[in-house]
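What follows is a set of notes on a single structure, which appears directly below.
Counting begins at 1 with the first residue of the sequence.
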Amino acid sequence: WMSGPIFVAVLSGVVLREAVPLARWAAILLGFCGVLIALWEELHASALGAAVALGGAFLYACFLTLTRALRGTPDSALVGMQMAGTLAVGMVFAPFAWGTPPLTVLPLLLVTGMVSTVGHVLVVRALRLAPASVVVPFKYLSLVLASFYGWTFFGDVPRPAMLLGAGIIIGAGLWLWWLEKRAQPA
């Protein structure tokens, strides 16, 4: 899943014709190395599981790249079309795995839906304002946040490899931010 930013960098260069300088590639690859270090102990998946995960990351990268390509579309129309497409796919597959949640879970589902919608709108907005290969590496921060929430709410203490990987991810994100700041005219 975390290989998505690499796919986006490739697709943004090939499909969108956006410039992906060597330093940005280096920051993206450094962040991905941080992900591999952080998840090294967890990478005991089967070949099929790894292929499905890479396929999902590639499709997510396609979604992000197409969102960037359609940046001239109004945010509300783009978000609405994407959510309608997701709803349609969900309705096709729901009969195969649907389980009615208990009423006590509904408030959590509503909050999750609201937060996800705001996040989706912000991603669309970010991709309108900046090249995809700049925006997407910040996805690596979700690994850091997941570790924080796991520790805070579930007592899952991060292992040293996770902390090292998180440090590399944060460093790569800061490096990418610095590269973009330096490239902007004063």
Side-chain angles (χ1 to χ4, degrees), residues 1-16 18-68 86 108 111-112 115-127 129-184:
W1 177 250
M2 291 294 176
S3 61
I6 293 173
F7 289 128
V8 169
V10 171
L11 290 171
S12 67
V14 173
V15 175
L16 302 176
E18 292 180 350
V20 183
L22 186 59
R24 194 180 304 161
W25 272 110
I28 291 166
L29 292 174
L30 180 64
F32 184 66
C33 288
V35 169
L36 291 178
I37 290 169
L39 297 178
W40 185 253
E41 296 171 3
E42 307 296 328
L43 293 177
H44 299 291
S46 68
L48 177 61
V52 169
L54 281 175
F58 179 74
L59 290 175
Y60 180 66
C62 290
F63 153 73
L64 293 170
T65 305
L66 289 174
T67 299
R68 175 72 177 158
T86 302
L108 292 173
V111 169
T112 300
V115 169
S116 297
T117 300
V118 169
H120 187 94
V121 169
L122 292 174
V123 166
V124 167
R125 188 72 181 145
L127 288 168
L129 299 173
S133 62
V134 173
V135 173
V136 178
F138 288 95
K139 172 79 176 138
Y140 291 145
L141 288 177
S142 65
L143 180 65
V144 177
L145 292 173
S147 299
F148 172 75
Y149 293 138
W151 179 41
T152 303
F153 297 112
F154 303 107
D156 186 18
V157 178
R159 291 177 302 283
M162 172 61 99
L163 296 174
L164 175 63
I168 292 171
I169 293 165
I170 291 169
L174 290 173
W175 182 24
L176 187 62
W177 173 78
W178 178 78
L179 287 170
E180 291 310 309
K181 241 358 204 172
R182 192 181 66 165
Q184 292 176 356

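- The minimum heavy-atom distance linking A172 with G31 is given by the pair CB-N, 3.5 Å.
- Closest approach of W175 and A26 over heavy atoms only: CH2-CB, 3.4 Å.
- Remark: S147 engages no residue in a side-chain hydrogen bond (donor to acceptor under 3.5 Å, both in side chains) (not counting sequence neighbours).
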Residue pair V123, L64: steps toward the side-chain contact (heavy atoms from CB on, under 4.5 Å) verdict: CA-CA 9 Å; V123 166; L64 293 170; 3.8 Å; yes
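- Looking at residues two or more places apart in sequence or on another chain, you find a side chain to side chain contact (heavy atoms under 4.5 Å, CB included) between I168 and L30, I37, L164.
- With a 6.0 Å radius and a threshold of 12 heavy atoms from other residues, nucleotides or ligands, F63 has its CZ atom above the threshold.
- For the atom pair F148 CZ and D156 CG, the distance stands at 13.0 Å (nearest 0.5 Å).
- Minimum heavy-atom separation, L127 to R68: O-NH1, 2.6 Å.
- Closest approach of A126 to V135, counting heavy atoms only: O-CG2, 3.6 Å.
- Taking every heavy atom of both residues into account, F58 and L11 meet most closely at CE1-CD1, 4.3 Å.
- A 6.0 Å sphere centred on CG of L129 holds more than 12 heavy atoms belonging to other residues, nucleotides or ligands.
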